[in-house]
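What you see is a predicted model, and the numbers here were worked out from it, not measured in a lab. Worth knowing before you read on, the calculation uses all heavy atoms, side chains too, and leaves out hydrogens, waters and symmetry mates. Here is how names work: the chains are called A, B, and so on, in the same order as the sequence lines, proteins then strands, and each is numbered from 1.
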There are 2 protein chains.
Amino acid sequence: MNTAKKHDVFQAIADPTRREILKMLAGKELAITEITVRFPMSRTAVSKHLLILSEAGLVKNRKSGREKLYTLQAEPLSELDQWLSYFDQFWQNKISVLKHLVENEGQNS
Amino acid sequence: MNTAKKHDVFQAIADPTRREILKMLAGKELAITEITVRFPMSRTAVSKHLLILSEAGLVKNRKSGREKLYTLQAEPLSELDQWLSYFDQFWQNKISVLKHLVENEGQNS
DNA sequence: ATAAAGTGAAACCATTTGGTTTTATATTTC
DNA sequence: GAAATATAAAACCAAATGGTTTCACTTTAT
């Protein structure tokens, strides 16, 4: 696993294991060991996935005693969202759904 | 390039060349040769990228004489959009961005 | 009917990817 | 301080990825 060069968001979410890790981290801080129990692979492998997610800016971590706690950093997903929005016009139902959402929630304009 | 196993949308868009191909195909039909001139790689390489995009359902093609014309099929991107929406609550400013989008482009309601 | 244009398919190659095992280091706990 | 816990780091490996070159096959144009 190449950890030397930068990974971007698109690459980071290409792997199903990494996508699942992101969901696990949604909301709660977890240590590597806690994440690993959910996967049929070694802690080392999970650690490498976390490194790739870190490089993409999707997770951050802090040391707490002998543990290292990871948290989700969802902001970089905005790049994905922006990319996706370019294609909005080529498939239906997104605009209408969001229009509804905006009209119901955002009144400041 | 493994073209035997299925590729999903997440994998398909992980490569920048493939993302650019998708943008090129947004709106217009193109033959492989027309796509290739935009990239510093062989027609064969582009052809393989198109195969991966096909497997992900993101492009389709039709034969026209000795040419093969490719078109965008954006629908599978909805899977990505759905995945992304799960994380909406973890980053801000999506609503505002789309509000702007809707107000500028969609007037049908 | 040949030549040219457009593509497909096969064989090959270097690098990256996703995993492993082994060894070492830091922090608790008893 | 010794054992247990949590992680890091390094070496290794098979398969996938992204590319190439070469050759064959259709379709069109002259």
Nearest listed nucleotide, side chain of B:H7, among D:dG18, D:dT17, C:dT7
D:dT17

Winner on side-chain proximity to B:R18, out of D:dT21, D:dG18, C:dT7, is D:dG18

Provide, to the nearest angstrom, the distance between the CD1 atom belonging to B:I32 and the P atom belonging to D:dG19.
15 Å

Think B:T44 has a side-chain N or O under 4.0 angstrom from the OP1 or OP2 of D:dG19?
no

Closest to the side chain of A:K63, out of C:dA26, C:dT17, D:dA8, is C:dA26

Among the candidates D:dG18, C:dG19, D:dG19, find the nucleotide nearest to the side-chain atoms of B:T17.
D:dG19

Rounded to whole Å, how long is the line connecting atom CG of A:L30 with atom P of D:dT7?
11 Å

Below 3.5 Å between N/O atoms, which protein atoms pair up with nucleotides 28-30 of chain D? Just atom names and distances, please.
none

Salt bridge (charged side-chain N to carboxylate O under 4.0 Å, His left out) with A:R66: which residues, sequence neighbours excluded?
none

Write down the distance between CZ (A:R19) and P (C:dG18), rounded to a whole number of angstrom.
11 Å

Atom of B:L25, atom of B:L72 and distance for their closest heavy-atom approach:
O-CB, 3.6 Å

Ignoring hydrogens, what is the shortest heavy-atom contact between B:A12 and B:R18? Give both atom names and the distance.
O-NE, 2.7 Å

Rounding to a whole Å, what distance do you find between B:L50:CG and C:dG6:P?
16 Å

Whole-Å gap separating P (D:dA6) and CD (A:E34):
9 Å

Whole-Å distance separating the CG atom of B:L51 from the P atom of C:dT7:
14 Å

So the ring-ring contact (aromatic ring centres under 6.0 Å, His included) pairs with at least one residue in residues 56-85 of chain B (sequence neighbours excluded) are B:F10-B:W83, B:W83-B:F87

Should the side chain of B:K68 and the base of C:dG8 be counted as holding a donor-acceptor pair, with the cut-off at 3.5 Å?
no

Hey, quick one: are A:F39 and A:L30 part of the same hydrophobic cluster, counting side-chain heavy atoms closer than 4.5 Å, chains of contacts allowed?
yes

A quick test of your reading: do over 12 heavy atoms of other residues, nucleotides or ligands sit less than 6.0 Å from NZ of A:K60?
no

Kindly say if B:Q11 contacts the phosphate of D:dA16, meaning a side-chain N or O under 4.0 Å from OP1 or OP2.
no

If you only use heavy atoms from C-beta on, which nucleotide in C:dT22, D:dT20, C:dT7 is closest to the side chain of B:E67?
C:dT7

If two hydrophobic side chains count as joined below 4.5 Å and joins carry through other members, does A:M24 share a cluster with A:L77?
yes

D:dC25 C1' sits how many Å from B:R43 CZ, rounded?
12 Å

If only side-chain N and O atoms of A:T33 are considered, is one of them under 4.0 Å from the OP1 or OP2 phosphate oxygen of D:dA6?
no

Whole angstrom value for the distance that separates P of D:dA6 from CG of A:N61:
17 Å

Please name the pair of heavy atoms, one in A:L69 and one in A:S64, separated by the smallest distance, quoted to 0.1 Å.
CD1-CB, 3.9 Å

Of all the nucleotides listed (C:dG19, D:dT20, D:dA9), which has the minimum atom distance to the side chain of A:H49?
C:dG19

For the side chain of A:A31, starting at C-beta, report the closest nucleotide among C:dG19, D:dA10, D:dT7.
D:dT7

From the set C:dG8, D:dG19, D:dT7, return the single nucleotide nearest to any side-chain atom of B:M41.
D:dG19

